[in-house]
Amino acid sequence: MAGCNHCSREGKLRYDPGVDFALTQTQKTLQSHVLSFAKRELNSDVLSRDRAHEFGRKEWQLCGELGLPGLSIPEAYGGLGLDHLTTAVVLESLAQGCEDTGLVFSLASHLFAGALPIAAWAKEELRQKFLPSMANGSCIGANAITESEAGSDVFSLKCRVRREGDSYVLNGEKTYVTNGPIADVFVVFATTDPRRGFMGVSAFIVERDSPGLRLGEPFDKIGLRTSPTSSLYLDECRIPVDYRLGAEGQGHTIFKQSMLWERSCEFAVYTGAMQRQLERVVEFAKTRSQANKAIGKNQAISHKIVNMSIRLDAARMLLHRACWMLDQNLNADKEVSMAKIAISEAAIESSLDAIQIHGGNGVMTEYQIERFLRDAIPSTITSGTSEIQRNIISQCLGL
Ligand SMILES: Cc1cc2nc3c(=O)[nH]c(=O)nc-3n(C[C@H](O)[C@H](O)[C@H](O)COP(=O)(O)OP(=O)(O)OC[C@H]3O[C@@H](n4cnc5c(N)ncnc54)[C@H](O)[C@@H]3O)c2cc1C
């Protein structure tokens with residue numbers, strides 16, 4: 001009978017199972033290596049760094065020694081050259097082992113929004129100049145598109161650029177730049193003419209020491225406090241013409257491409273954090289007793305934990321599907337947005353459950369349970385809000 005796994009004789013159709021959920025041996029090896037590295041090396045003083053809003057410079061350098069800031073930078077430029085799915089799997093392990101979610105978020109922003117647009121769109125000499133040091137973390141990257149009046153409406157930029165001979169001159173203000181206070185190199189979006197909308201937008205590499213570039217003070221944020229964020233000011237900031245990414249007017253395409261990486265793989269930071277959270281909650285529910293009974297023996301508690309587990313698995317599977325589609329060069333706009341919504345909304349909901357399950361301990365900062373919630377809250381806003389992701393999905397559905 002055609003279509004059956006048992007009938008493989010010549011001339012007969014062979015049943016193809018279609019979906020394969022197994023990770024490769026390489027992916028599993030990377031996963032366990034990175035997980036044990038993160039648990040061993042990255043978790044000292046996280047609470048005090050969070051309280052001090054301090055970036056873990058030493059921990060960043062240790063990640064750099066392992067090549068983690070260059071996971072998906074091509075091997076030719078010193079990176080590991082990993083595809084989307086493998087990158088997500090490794091980043092998830094890093095975030096599972098590393099209790100400093102802000103550090104992993106900074107690493108992901110550096111990679112997806114800073115390094116990868118340079119890898120894809122910069123001139124060869126500039127790839128060689130920047131990418132090897134971005135791959136080992138000695139050069140930190142950032143991305144500056146958002147402005148105070150251009151957030152969700154991202155291409156209504158006011159930041160202007162004009163060409164003068166062999167230079168471009170940039171003027172304007174950017175805000176909410178992840179890694180702003182610590183970055184060495186920025187991918188900056190500016191317009192030749194605001195009336196041209198997205199058609200007028202181009203992207204540029206701007207080095208931190210460029211004349212006319214100034215950074216604001218780090219913002220005081222609810223969460224991701226160890227991932228520093230600032231404004232960036234450009235005042236007659238002159239850069240060489242070669243520092244343009246792609247062609248003039250190609251900023252829209254560059255942004256869309258880097259967003260596919262960012263909206264998918266970057267959110268493995270949160271599936272990793274949710275895995276760590278789930279393990280802590282299960283352990284607590286088994287060991288905390290009230291009325292001579294582990295609290296996890298109460299259905300009200302165990303069902304909450306079950307729901308956390310379902311949310312995590314569903315979000316992770318949507319992420320893996322989106323990454324797999326991107327690796328097959330399929331259009332994954334809808335699936336990437338679905339994964340982003342599922343992960344970020346699950347991260348918030350499960351963090352509320354984790355606090356409730358921990359009772360009073362859940363509210364006290366020293367137990368580091370409430371931090372899951374504070375770190376999760378920005379996730380429905382950064383890289384395009386949940387509302388914008390739903391707009392994208394509804395467009396994909398033909399609405
Ligand atoms: C932690 C963090 C890190 C960030 N890192 C960076 C970075 O590295 N680089 C960078 O350039 N930017 C960065 N951002 C900026 C981020 O991308 C923007 O905050 C985000 O796109 C939303 O823009 P906004 O804050 O101006 O909100 P607005 O666009 O003003 O939105 C306000 C509210 O209105 C809703 N809304 C707006 N338009 C619509 C619409 N058409 N339909 C339905 N609802 C709508 C939004 O969903 C939101 O709820 C970061 C933000 C955060 C919080």
Side-chain angles (χ1 to χ4, degrees), residues 34-66 68-69 91-111 137-138 140-142 176-184 215-231 266 268-281 283-284 287-288 347-348 350-379 381-382:
V34 169
L35 181 62
S36 50
F37 156 78
K39 285 183 171 171
R40 194 177 60 242
E41 304 284 354
L42 303 179
N43 290 336
S44 54
D45 301 329
V46 180
L47 180 59
S48 54
R49 280 207 301 279
D50 181 67
R51 285 178 173 160
H53 295 236
E54 187 187 319
F55 174 63
R57 178 71 66 176
K58 185 184 85 194
E59 289 72 16
W60 175 274
Q61 279 161 358
L62 291 170
C63 290
E65 284 167 21
L66 214 61
L68 297 173
L91 204 58
E92 179 177 329
S93 297
L94 180 64
Q96 182 186 338
C98 173
E99 291 169 15
D100 183 351
T101 303
L103 178 78
V104 190
F105 182 82
S106 268
L107 186 141
S109 294
H110 149 90
L111 174 59
S138 57
I140 300 181
Y176 304 149
V177 180
T178 297
N179 294 343
I182 53 166
D184 303 289
L215 290 154
E217 286 298 306
F219 287 113
D220 185 2
K221 305 196 296 295
I222 188 172
L224 298 176
R225 291 179 165 183
T226 55
S227 168
T229 315
S230 71
S231 295
E266 185 150 330
V269 171
Y270 286 102
T271 53
M274 277 191 275
Q275 182 65 48
R276 176 160 42 87
Q277 179 186 61
L278 182 65
E279 287 165 14
R280 276 199 69 177
V281 164
E283 184 58 25
F284 184 79
T287 52
R288 168 78 176 167
I348 292 177
S350 291
S351 297
L352 286 168
D353 283 343
I355 291 173
Q356 192 65 24
I357 291 164
H358 276 80
N361 289 359
V363 180
M364 305 300 157
T365 57
E366 66 179 290
Y367 289 96
Q368 307 191 63
I369 288 295
E370 52 79 50
R371 197 172 71 235
F372 283 112
L373 178 63
R374 290 193 289 102
D375 287 341
I377 284 173
S379 69
I381 293 167
T382 185

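Everything quoted here is computed from the prediction, not taken from an experiment. For the numbers below, each heavy atom of this structure counts, side chains included, while hydrogens, waters and symmetry mates do not.
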Open item on the list: I'd like to know whether L91 forms a side-chain contact (heavy atoms from CB on, under 4.5 Å) with L107, so could you lay out the CA-CA distance, the side-chain angles of the two residues, the decisive distance to 0.1 Å, and finally the verdict.
Closed with: CA-CA 9 Å; L91 204 58; L107 186 141; 4.0 Å; yes
Task: From OG (S93) to CG (L35), nearest 0.5 Å - done: 5.5 Å
Open item on the list: Distance check, rounded to the nearest 0.5 Å: S109 atom OG versus N179 atom CG?
Closed with: 5.5 Å
- [ ] Would you indicate whether the side-chain heavy atoms of F284 and N361 approach each other to under 4.5 Å?
- [x] yes
Open item on the list: Which residues pass the salt bridge (charged side-chain N to carboxylate O under 4.0 Å, His left out) test with E92, not counting sequence neighbours?
Closed with: R316
Task: K39/E99 under side-chain contact (heavy atoms from CB on, under 4.5 Å): CA gap, chis, key distance, verdict - done: CA-CA 8 Å; K39 285 183 171 171; E99 291 169 15; over 6 Å; no
Task: Interatomic spacing from OG in S227 to NZ in K221 - rounded to 0.5 Å - done: 5.0 Å
- [ ] Heavy atoms only: give me the nearest A268-A95 pair and the separation to one decimal.
- [x] O-CB, 4.2 Å
Task: Side-chain heavy-atom pair F105, E266 within 4.5 angstrom cut-off - done: yes
- [ ] Measure from the side-chain N and O atoms of R276 to the backbone N and O of G272, and report whether any donor-acceptor pair falls under 3.5 Å.
- [x] no
Open item on the list: Using side-chain contact (heavy atoms from CB on, under 4.5 Å), reason through L42 and L94 one step at a time and then give a plain yes or no.
Closed with: CA-CA 10 Å; L42 303 179; L94 180 64; 3.8 Å; yes
Open item on the list: So does G141 get a backbone contact from the side chain of H110, meaning a donor-acceptor N/O pair under 3.5 Å?
Closed with: yes
Open item on the list: Once rounded to the nearest 0.5 Å, what's the spacing between atom CD1 of I377 and atom OG1 of T382?
Closed with: 14.0 Å
TODO: Kindly write out the residues that satisfy ring pair (Phe, Tyr, Trp, His ring centres under 6.0 Å) with Y176, not counting sequence neighbours, or none if the list is empty.
DONE: F219
Please list, one pair per line, the donor and acceptor atoms closer than 3.5 Å that link side chains of residues 52-63 to other protein atoms, with sequence neighbours excluded.
| residue | atom | partner | partner atom | Å |
| --- | --- | --- | --- | --- |
| H53 | NE2 | D220 | OD1 | 3.4 |
| E59 | OE2 | R49 | NH1 | 3.3 |
| W60 | NE1 | G137 | O | 2.8 |

Task: Polar side-chain atom of S48 near backbone of D45 as donor-acceptor pair, under 3.5 Å - done: yes
Open item on the list: My understanding is that only residues two or more places apart in sequence, or in another chain, count here; which of them pass side chain to side chain contact (heavy atoms under 4.5 Å, CB included) with S230?
Closed with: P181, L215
Open item on the list: Using a 6.0 Å cut-off, check whether atom CD of Q356 has over 12 heavy atoms from anything other than its own residue.
Closed with: no
Open item on the list: Suppose the criterion is salt bridge (charged side-chain N to carboxylate O under 4.0 Å, His left out): which pairs have a residue in residues 370-379, not counting sequence neighbours?
Closed with: D50-R374, E370-R374, R371-D375
Open item on the list: Ignoring hydrogens, what is the shortest heavy-atom contact between L103 and C98? Give both atom names and the distance.
Closed with: CD2-SG, 4.2 Å
Open item on the list: Before you tell me yes or no, could you show the steps for S350 and Q277 under side-chain hydrogen bond (donor to acceptor under 3.5 Å, both in side chains), namely the whole-Å CA-CA distance, both residues' side-chain angles and the distance that decides it to 0.1 Å?
Closed with: CA-CA 8 Å; S350 291; Q277 179 186 61; 4.6 Å; no
Open item on the list: If we ignore hydrogens and angles and just use 3.5 Å, is the side chain of N43 paired with the main-chain N or O of G97 as donor and acceptor?
Closed with: yes
- [ ] May I ask you to test the V177-T229 pair for a side-chain heavy-atom distance under 4.5 Å?
- [x] no
Open item on the list: Please report whether the ring centroid of H358 lies less than 6.0 Å from that of Y367.
Closed with: no
Open item on the list: What I'd like to find out is whether the side chain of E366 reaches to under 4.5 Å of the side chain of R51, using heavy atoms alone.
Closed with: yes
TODO: Could you tell me which non-hydrogen atom of L47 sits nearest to which non-hydrogen atom of T365, and how far apart they are?
DONE: CD1-O, 3.6 Å
Task: Exercise: do T226 and D100 side chains pair donor with acceptor under 3.5 Å - done: yes
Task: Gap between atom OG1 of T101 and atom OH of Y270 - 0.5 Å precision - done: 7.0 Å
Task: S36: partners by side-chain hydrogen bond (donor to acceptor under 3.5 Å, both in side chains), with sequence neighbours left out - done: none
Open item on the list: To check you understand the geometry: which heavy-atom pair defines the closest contact between S106 and P228, and what is its length?
Closed with: OG-CD, 4.0 Å
Task: Euclidean distance, L278 CG relative to T271 OG1, rounded to 0.5 Å - done: 12.5 Å
